[in-house]
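What follows is a set of notes on a single structure, which appears directly below.
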2 protein chains.
Amino acid sequence: MTQPAQNQDATTGEEIASTKVPPKGTLPERNAFSDLMSPKKPPPSKKVPPLDTPHSDPARTTTFLGRDGLGAYIASPASFPTSRVIYHDEKWVVINDLFPKSSVHILLLPRDASKQLLHPFEAFRDLDFLKDVQAEVQKLRRLAAKELHRRYSKYSALDQKRQKAIDALDGDSDGESRHLPIGRDWSQSVISGIHVGPSMNHLHIHILSVDRHSECMKHKKHYNSFSTPFLIDVEDFPLDRQDRRRHPSKERYMERDLKCWRCGKVFGNKFSRLKEHLDEEFEEWKRE
Amino acid sequence: MTQPAQNQDATTGEEIASTKVPPKGTLPERNAFSDLMSPKKPPPSKKVPPLDTPHSDPARTTTFLGRDGLGAYIASPASFPTSRVIYHDEKWVVINDLFPKSSVHILLLPRDASKQLLHPFEAFRDLDFLKDVQAEVQKLRRLAAKELHRRYSKYSALDQKRQKAIDALDGDSDGESRHLPIGRDWSQSVISGIHVGPSMNHLHIHILSVDRHSECMKHKKHYNSFSTPFLIDVEDFPLDRQDRRRHPSKERYMERDLKCWRCGKVFGNKFSRLKEHLDEEFEEWKRE
DNA sequence: TATTCCGATAGTGAC
DNA sequence: GTCACTATCGGAATGAG
C-alpha cells in the first residue's frame with residue numbers, strides 16, 4: 001500500500017504544465033519538480049486551477065475551497081498529477097505548493113485524522129507524532145536539496161569546480177576521488193517549519209529553498225511569514241514555555257521591516273524594492 | 001481693450017474638442033460650454049493636453065507646469081480656444097476647469113499682478129479687490145445658471161411645466177405671461193468660492209454646479225474640497241476672527257466622512273459607493 | 001487640497 | 001498569516017532636444 005509517486009500520468013495536467021512559459025535558460029528534464037521552474041504567471045488564471053479540481057475523479061466528491069484547499073490533497077492525493085503530488089502513503093501527502101514562495105517549495109501534509117485540523121502547537125504535543133513529522137521533514141529536506149542540486153548545480157562555482165575535477169580524471173580512478181574538491185552543500189539552502197499562525201486549515205509543514213524567489217511572492221506578509229520567527233522549525237518543538245513565538249501577535253512578525261535573507265539589507269515596507277533585490281540575490285546565490 | 005470673448009477661432013483646438021466622445025443624449029449647440037459635457041475620459045490623455053500648450057503662440061514663452069498651471073491662462077488667455085477660455089479682459093480670465101469636478105465648473109482668475117499669487121485670505125484683505133471679485137463671481141454664477149438651464153431644462157419638471165404652458169398660449173399674449181408657472185431657479189444649483197488650502201498657486205475662484213458629477217471627480221479629497229467648509233464662499237469674506245475655517249488643518253475637512261450633497265447619506269471613506277450614488281442623484285436632480 | 005504613476009494597505013468573498 | 005478583486009491610501013515627480 002505504501003507506494004510513492006504512484007500517480008497515473010495525468011494527461012490534461014501535463015498539458016497545462018507544458019503551456020507554462022519556460023524560464024530563460026535550459027529546461028531541466030522532467031520530474032516531480034519540473035513545473036516548479038518559475039512560471040511567468042502564477043499557476044491559476046482564476047481561482048483554483050481546473051487541473052486540481054478534476055470532476056472526473058470519483059474520490060473527490062467534497063469541494064475544498066479557500067482555507068480548506070489542502071483538504072483535497074489529503075482526501076484524494078491520487079487524483080492529482082505527479083507535478084502536484086510528489087508522493088503519498090497512508091501517513092503523508094507531499095505536494096508542490098500551488099503558490100510557491102521560493103523556487104522550491106513543498107508541503108508535508110500529515111493524513112492522521114486526529115491531527116489533520118489541529119494547530120501545530122496542539123498537534124505536536126503528541127511527541128510520537130512530532131518525532132514522525134521531524135523524521136519525514138528530514139527526508140524532505142534532503143529531497144529539496146537534491147532538487148536544488150539538480151537545477152542549479154550548473155551555475156554553482158563550487159559544484160562546477162568539483163565537476164571539472166571529475167572530468168579531469170582520466171578513467172575511473174576511485175582512489176583519487178577522495179581528493180576531489182567538495183561540492184556545494186545544498187542542504188544549507190533549505191529551510192523548513194510551520195507557520196505560527198497558519199491560514200490554511202489543514203496541518204502543513206513547509207520545506208522550501210532559501211531564495212524566496214517566486215512570482216507568487218507578492219506582498220510583505222508572504223515574505224515575512226518565511227523570513228521571521230513566524231516560521232518555526234519542527235526541530236524546535238517542544239517549545240520552551242517562555243518561547244516568545246508562543247505569542248506571535250505580540251511579536252508582530254508580519255509588520256516587521258522587510259530584510260533581505262541573504263545580505264540583511266533592510267527595506268522597510270518597500271516590498272517592490274525588496275523584490276528587485278531578491279532577483280539579484282537569486283542570481284548570486286545560484287552561483288555560490 | 002476690454003473685449004470679452006475675443007479669441008480667434010482656434011482651429012486645432014476645436015478639432016481636439018470634437019474628438020471627445022459625446023455623452024449619451026443629444027449634443028447641445030456649440031458654445032463656450034459645449035465641451036463640458038462629461039467626456040468619457042478626462043481631458044488629457046497624458047499630462048497637460050497639447051491643445052493647451054500650443055507652441056505656435058509667441059505670447060506663451062514661459063512654461064507653466066504642475067502647481068503653476070493656471071499661470072498660462074493669465075499670461076496668455078488669447079492663445080487658448082474658446083472652449084477653454086470663456087472670456088478675458090484686463091482684470092479677469094475666466095476658464096472652464098481643465099479637470100471639472102461638476103458638470104459645470106468654471107474658474108475666475110484675477111489678473112492683478114499684486115494678488116495673483118496670494119492666498120485668498122491675503123488677497124481679500126484688500127476690500128476693494130474683494131468687492132470686485134464678489135461682483136464678478138455674481139456674474140459668473142448667473143452665467144453658470146444659464147448654462148445649466150441650457151443643458152438640463154429639457155429634463156426639468158418645473159421648466160417643462162412652464163414650457164408646456166407657453167406652448168399652450170395661442171399667440172403672443174403678453175398679458176397672460178404673468179400667470180405662467182415659474183420655471184426652475186437654476187441659480188440655486190450653483191455653488192462658488194475659494195479653497196481654504198488651494199493646491200494651484202494662482203488665485204482662483206470656483207463657480208460650479210452642485211451635482212459634483214464628473215469623470216474628473218476621482219477621490220475623497222476632490223469631493224470634500226467642494227462639499228465641506230473647505231470651500232468658502234467669497235461672500236463670507238471678510239471672515240470673522242474666530243471663524244473655524246481660518247484653521248483648516250484642525251478641522252480636518254478632507255478626512256471627514258463622505259456625505260451626499262443632495263440627500264445627506266453618509267458613505268464614510270467609500271468613494272466608489274458615493275460615485276455610484278452621485279450618478280443616481282444626478283439623474284434625479286436634473287429632473288427636479 | 002493641481003494630475004499621474006506606482007505601490008502599499010485594507011476588506012471582501014470564495015460553495 | 002490561502003488567493004484574487006476592488007478600492008483606498010500614500011508618497012514622488014511633474015519640463016526638457
Side-chain angles (χ1 to χ4, degrees), chain A residues 42-49 53 62-71 97-99 101 107 119-120 194-202 204 206 216 218-228 230-232 248-249 251-255 258 267-276, chain B residues 42-49 53 62-72 97-101 107 119 194-202 204 206 216 218-228 230-231 248-249 251-255 258 267-276:
Chain A
S45 61
K46 273 196 182 269
K47 315 284 162 150
V48 178
T53 55
T62 319
T63 42
F64 295 94
L65 299 160
R67 299 180 138 85
D68 290 322
L70 297 177
D97 195 302
L98 185 54
F99 301 96
K101 302 307 186 295
L107 296 182
H119 187 283
I194 55 90
H195 278 163
V196 66
S199 279
M200 297 299 270
N201 291 331
H202 292 81
H204 56 287
H206 299 269
C216 298
K218 289 182 174 176
H219 52 67
K220 188 180 186 180
K221 286 178 175 178
H222 282 157
Y223 186 80
N224 276 350
S225 73
F226 292 105
S227 311
T228 68
F230 192 89
L231 181 73
I232 310 182
S249 59
E251 299 295 327
R252 304 177 69 83
Y253 297 124
M254 293 314 185
E255 288 82 52
L258 293 163
F267 291 83
N269 292 334
K270 298 195 186 321
F271 181 78
S272 291
R273 299 300 168 81
L274 171 67
K275 282 281 284 183
E276 296 168 0
Chain B
S45 60
K46 270 193 182 276
K47 314 284 160 150
V48 177
T53 55
T62 319
T63 43
F64 294 93
L65 300 160
R67 300 181 137 84
D68 289 322
L70 297 177
D97 195 302
L98 185 54
F99 300 95
K101 304 306 187 295
L107 295 182
H119 186 283
I194 53 92
H195 277 163
V196 66
S199 279
M200 297 298 270
N201 291 332
H202 292 80
H204 56 286
H206 300 269
C216 298
K218 290 182 174 176
H219 52 68
K220 186 178 187 180
K221 286 177 178 178
H222 283 156
Y223 186 80
N224 276 351
S225 73
F226 292 106
S227 311
T228 68
F230 192 88
L231 181 74
S249 59
E251 298 295 326
R252 304 179 70 81
Y253 296 125
M254 293 315 185
E255 289 81 52
L258 293 164
F267 291 82
N269 292 334
K270 300 197 186 318
F271 181 78
S272 291
R273 300 297 168 83
L274 171 66
K275 281 282 285 185
E276 296 169 359

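Just so it is clear: chains get the letters A, B, ... in the order the sequence lines come, proteins before strands, and each one is counted from 1. Scope of the values below: all heavy atoms of this structure, side chains included, with no hydrogens, waters or symmetry mates.
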- Task: Without swapping roles, check the side chain of A:H119 against the backbone of A:V196 for a donor-acceptor pair under 3.5 Å.
- Result: yes
A:L274 CG to C:dA8 P, in whole Å, measures 10 Å
Separation of C:dT3 atom C1' from B:R67 atom CZ, nearest Å, is 10 Å
**Item:** Atom P, compared across D:dG15 and C:dC5: separation rounded to whole Å
**Value:** 11 Å
- Message: Give me the distance, rounded to whole Å, that separates C:dC15 from D:dC5 when you measure between the P atoms they each carry.
- Response: 13 Å
Test item: B:L258 and B:N224 side chains (from C-beta on) under 4.5 Å apart, heavy atoms: yes
B:L70 CG to C:dT3 P, in whole Å, measures 11 Å
Measure up the A:F226 and A:H206 rings against each other and bin them: parallel (under 30°), tilted (30 to 60°), perpendicular (over 60°). perpendicular
Look at atom NZ of A:K270 and say whether more than 12 heavy atoms of other residues, nucleotides or ligands are closer to it than 6.0 Å.
-> no
note: B:N224, atom CG; D:dC9, atom C1'; distance rounded to Å ~ 14 Å
Closest to the side chain of B:K218, out of C:dT9, D:dC9, C:dT4, is C:dT4
The nucleotide from D:dG15, D:dA7, C:dA8 with an atom nearest the side chain of B:S272 is D:dA7
* Quick one: label A:S225 by what it contacts on the DNA or RNA (base, sugar-phosphate, nothing), any heavy atom closer than 4.0 Å. => sugar-phosphate
In Watson-Crick or G-U wobble terms, with both distances under 3.5 Å, the base opposite D:dA4 is C:dT12
DNA chain C nearest-nucleotide lookup for B:M200 and A:K220: closer to the 5′ end is B:M200
B:L65 atom CG is separated from D:dT14 atom P, nearest whole Å, by 11 Å
dist B:R252:CZ -> B:T228:OG1 (nearest 0.5 Å) comes out at 13.0 Å
Of the listed D:dC9, C:dC15, D:dA4, the closest approach to the A:F99 side chain comes from D:dA4
note: A:D68, atom CG; D:dC3, atom C1'; distance rounded to Å ~ 14 Å
Between CZ of B:F64 and P of D:dA16 the distance, given in whole Å, is 14 Å
Looking only at C:dA8, C:dC15, C:dT3, the nucleotide nearest the B:K101 side chain is C:dT3
For A:K275, report the nucleic acid contact type (base, sugar-phosphate, nothing); a contact means any heavy atom under 4.0 Å.
-> nothing
Here the distance between atom P of D:dC9 and atom CG of A:N269, to the nearest Å, is 18 Å
Contacts of A:T63 and B:Y223 projected onto DNA chain C by closest heavy atom; the upstream (5') one is B:Y223
Check your understanding: Base, sugar-phosphate, or nothing for A:F271, non-hydrogen atoms under 4.0 angstrom?
Key -> sugar-phosphate
